[in-house]
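Report on the following structure.
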Amino acid sequence: MTVLRIAKTEYWKLRRYSILWAGVVLMLLSVLLTLFTSTANDGMVWTFPILVEQVIKNNMTTIFPVCITLIAGYIIAREQKDDTLKNILTVPLTFKWLLVGKLLVCGLISLFLGLVCTAFTILAGLLMGFPNISVGTATQCLMQITLLNLFLYVSVMPIIILTSRAANGFLAGVVIAFAYGYGGMFAAGSMKLANLYPITASLGMINYRSYEVHWNILLCYLSMAIMLAISTVIILLMRNNVEPKKPVKNKAKPKAPLKKGW
């Protein structure tokens, strides 16, 4: 019940944050980058399923790991930035439970951004007139993109947790998440590594291009389970409280020397 109350409180806080709009813009950017690629005269005949595959690829390698790490880090670090954490922890409420509640909300945000990206992708397919768009392909697009975002969030969760202690630590987490996601391009070159590398294992979880790629689903599930286990261990090893923010000492202004004479 404590976690659900924290999650509900965070939901109300999100109405005051503008960071979610950054996630919406990044989802739009993913689709626009894909459309820009489709204009290349390389002989490829673009269809709606190919558009979906390329959007998924862009989300995996460059967009979503950075996007969700930025949003989650901002939400977690907000209490320290605003210096309200010391007041919250007197409820009483440990930092661990607060973090778990925020992570749960971030998981829901991942699903929401998946829906947003799906809407942009379908709209782009309609505007560009790509063939093979139907209720079936649109439904598959919805399931794959939304679930991919959730699995990518699980993949970067240890990074989010490790960088949640410092007020500006999430900025370093964003850089790490970018390198981590971009590494998926190299991991995809070997199916053994692709099944184990969490970023590319997310593709196996949604049967990405299963018509020509043979995923080892058990290894993909194992990779996700390891990420969840690592995240759990990190949270359990955390201190219950964090050090209060040190007040900035006001330096005494030097007194002006007294003038001599009358």
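Nothing fancy with the numbering, it's 1 onward along the sequence. Basis for what follows: all heavy atoms, side chains included, without hydrogens, waters or symmetry-related copies.
Inter-residue side-chain proximity for Ile206 and Phe151 is flagged as met; some heavy-atom pair is nearer than 4.5 Å. For the pair Asn195 and Thr200, the minimum side-chain heavy-atom distance is 4.5 Å or more. By the 4.5 Å heavy-atom criterion applied to side chains, Arg209 and Glu53 are counted as neighbours. Residues Met205 and Trp215 have side chains not in contact (no heavy-atom distance under 4.5 Å, counting atoms from C-beta outward). Put simply, the side chain of Lys192 does not reach to within 4.5 Å of the side chain of Asn216, judged on heavy atoms. Between Leu148 and Leu152 there is a side-chain heavy-atom pair separated by less than 4.5 Å. The side-chain heavy atoms of Leu20 and Tyr74, taken from C-beta on, include no pair separated by under 4.5 Å.
Using bins of under 30°, 30° to 60° and over 60° for the plane-to-plane angle, the ring pair Tyr182/Phe178 lands in the parallel bin.
Transitive grouping of hydrophobic side chains (ILVMFWY, heavy atoms separated by less than 4.5 Å) brings Val55 and Leu33 into a common cluster. A single hydrophobic cluster is not seen to contain both Leu142 and Leu51; linkage of ILVMFWY side chains at heavy-atom distances under 4.5 Å, directly or through other members, places them apart. By the rule that hydrophobic residues join a cluster once side-chain heavy atoms approach within less than 4.5 Å of another member, Leu32 and Phe48 end up as members of one cluster. Leu147 and Ile199 fall within the same hydrophobic cluster, defined by Ile, Leu, Val, Met, Phe, Trp and Tyr side-chain heavy atoms under 4.5 Å apart, directly or through other members. One hydrophobic cluster, built from ILVMFWY side chains closer than 4.5 Å, cannot hold both Tyr153 and Val175; they sit in different ones.
The heavy-atom pair separating Asn59 from Ser30 by the smallest distance is OD1-OG, 2.8 Å. Listed here is the closest heavy atom pair of Ile159 and Thr163: O-OG1, 2.8 Å. The two residues Ile76 and Lys102 have their closest heavy-atom pair at CA-CD, 3.7 Å. Here the closest non-hydrogen pair linking Ser155 and Pro198 is OG-O, 3.3 Å.
Summarising the geometry, atom CD1 belonging to Ile145 is positioned 10.0 Å from atom CD belonging to Gln140; distances are rounded to the nearest 0.5 Å. Separating the OH atom in Tyr208 from the CD1 atom in Ile56 is a distance of 6.5 Å, to the nearest 0.5 Å.
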Without placing hydrogens or testing angles, list every side-chain donor-acceptor pair under 3.5 Å for residues 106-133, not counting sequence neighbours.
from   : atom 1 : to     : atom 2 : distance (Å)
Ser110 : OG     : Cys106 : O      : 3.0
Thr118 : OG1    : Gly114 : O      : 2.8
Thr121 : OG1    : Cys117 : O      : 2.7

Taking only distance into account, with no hydrogens and no angle test, what donor-acceptor pairs under 3.5 Å do side-chain atoms of residues 60-71 form with protein atoms, sequence neighbours excluded?
from  : atom 1 : to    : atom 2 : distance (Å)
Thr61 : OG1    : Lys57 : O      : 2.9
Thr62 : OG1    : Asn58 : O      : 3.0
Thr69 : OG1    : Pro65 : O      : 2.6

Which pairs of donor and acceptor atoms, one on a side chain in residues 218-237, lie under 3.5 Å apart (sequence neighbours left out)?
from   : atom 1 : to     : atom 2 : distance (Å)
Ser223 : OG     : Leu196 : O      : 2.9
Ser231 : OG     : Met227 : O      : 2.9
Thr232 : OG1    : Leu228 : O      : 2.8

Inset, instruction - Please report the C-alpha distance between Thr139 and Val135 in whole Å, then the side-chain angles of each, then the deciding distance to 0.1 Å, and finally whether the side chain to side chain contact (heavy atoms under 4.5 Å, CB included) criterion is met. - result: CA-CA 6 Å; Thr139 303; Val135 175; 4.1 Å; yes

